[in-house]
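Worth saying up front: this structure is predicted, and the values here are computed from it rather than measured. The sequence lines fix the lettering, A, B, ..., with proteins before strands; numbering per chain opens at 1. Every heavy atom of this structure was used, including side-chain atoms; hydrogens, water molecules and symmetry mates were not.
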Protein chains: 2
Amino acid sequence: MSSSASARRADTDEATAAIFAALGDGTRLALVARLSQGSACSISQLAEHSALTRQAITKHLQVLEKAGLVSRRKSGRETLYACQPRPLHDARRYLDVVERQWDQALGRLKTFIER
Amino acid sequence: MSSSASARRADTDEATAAIFAALGDGTRLALVARLSQGSACSISQLAEHSALTRQAITKHLQVLEKAGLVSRRKSGRETLYACQPRPLHDARRYLDVVERQWDQALGRLKTFIER
DNA sequence: CTCATTCGCAACCAGGAGGTTGCCAATGAC
DNA sequence: GTCATTGGCAACCTCCTGGTTGCGAATGAG
């Protein structure tokens, strides 16, 4: 079954890395920031004030959707995208853990030195 | 001067995207997790139990260093890498902001509906 | 019905990311 | 002094990414 702790950890790493990878692009990060403002937006709306083509925006939205960061919904001839905050939360928690590990390590080092 | 809010926001987006991009790879994320355990490690140490070559690990470490996530220090013939938690903290705060925006948007929507 | 919007699909392209191998220099161990 | 470790540098390869253009299909507006 290979459900060892290290295997599970590796899975978590990969899944989390996918989220970070989706966020690791200025255009996509701006899209997420825009969508987190609240209202769902159509592709054309999102591409309107951008220097890029609608097609480029579409591709970025597909990347975000594949990572679970946004959701798609068709309304008439429009395709509306909305924020999906769960993976964002997961990513934030991952950084929480790493930061806490680091702090604890510094703490141990400090007590070791002061002893 | 072009120091408008939107320009500053775009800069922040790009800088933060660079950090996320550096974290957006399973190998690099594992390296960060490993280094956040506390002790600085040499390249050979980090590559020891990996399926990848030492060269590959070296490249990943260079990416992490360019993003400011780790720091390098030469000690004799070894090159020690250590965690640098500041950018991690920045990235986490960015996710905090996005999450809070989303929550507020949901709150506004709720009051709008209930009114 | 007609027509402008909105979008998806496919082909294509340049460049960068991830990885390998080979080789050489520096450095510590004995 | 000799030798094994350690790692930097460069060349090379493959594949994915980010972007474009062109075109055709739905779909709402008039």
Angle between ring planes, B:Phe20 versus A:Phe20, binned at 30° and 60°: parallel, tilted or perpendicular?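 Ring orientation of B:Phe20 relative to A:Phe20: parallel.
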Any B:Thr53 side-chain nitrogen or oxygen under 4.0 Å from OP1 or OP2 of C:dT20: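 For C:dT20, OP1/OP2 do have a side-chain N/O of B:Thr53 under 4.0 Å.
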State whether the distance check finds a donor on one side and an acceptor on the other, under 3.5 Å, for side chain B:Gln55 versus base D:dG7.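 By the distance-only test, no, there is no pair.
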On a heavy-atom basis, which atom in A:Cys83 and which in A:Leu35 lie closest, and how many Å separate them?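 Looking at all heavy atoms of both residues, the closest pair is CB-O, 3.9 Å.
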Measure the spacing between OG1 of B:Thr27 and NE2 of B:His60 and express it to the nearest 0.5 Å.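 The distance works out to 4.0 Å.
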Among [options], which nucleotide sits nearest the side chain of [X]?
X	options	answer
B:Arg54	C:dG18, C:dC23, C:dG19	C:dC23
A:Lys59	C:dG19, C:dA11, C:dC9	C:dA11
A:Glu78	D:dG19, C:dT6, C:dG18	C:dT6
B:Leu52	C:dT20, D:dG8, D:dT20	C:dT20
A:Arg77	D:dT27, D:dG8, D:dA11	D:dT27
B:Ser44	D:dG7, C:dG19, C:dC7	D:dG7

Rounded distance in Å - [atom1] ([X]) to [atom2] ([N]):
X	N	atom1	atom2	answer
A:Asp25	C:dA17	CG	P	12 Å
A:Gln62	C:dC7	CD	C1'	11 Å
A:Lys74	C:dT5	NZ	P	18 Å
B:Leu80	D:dG8	CG	C1'	15 Å
A:Leu46	C:dG8	CG	P	12 Å
A:His60	C:dC7	NE2	C1'	17 Å
A:Arg73	C:dG8	CZ	P	14 Å
B:Glu14	D:dG18	CD	C1'	13 Å

Check every strand shown and say whether B:Arg72 touches a base, only sugar-phosphate, or nothing at a heavy-atom separation below 4.0 Å.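 If one applies the 4.0 Å heavy-atom cut-off, B:Arg72 turns out to touch nothing in the nucleic acid.
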Is B:Thr79 touching bases, backbone alone, or none of the nucleic acid, heavy atoms closer than 4.0 Å?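 Counting heavy atoms under 4.0 Å across all strands, the contact made by B:Thr79 is with sugar-phosphate only.
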Given B:Lys59, B:Arg28, B:Arg72, the one that forms salt bridge (charged side-chain N to carboxylate O under 4.0 Å, His left out) with B:Glu65: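 Answer to the salt bridge (charged side-chain N to carboxylate O under 4.0 Å, His left out) test with B:Glu65 among B:Lys59, B:Arg28, B:Arg72: B:Arg72.
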Identify, between B:Gln45 and A:Gly24, the residue whose nearest nucleotide on DNA chain D lies closer to the 5' end.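 Here B:Gln45 is the residue nearer the 5' end.
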Do any N or O atoms from the side chain of B:Ser75 and from the backbone of B:Glu78 form a donor-acceptor pair under 3.5 angstrom?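 Answer holds: no.
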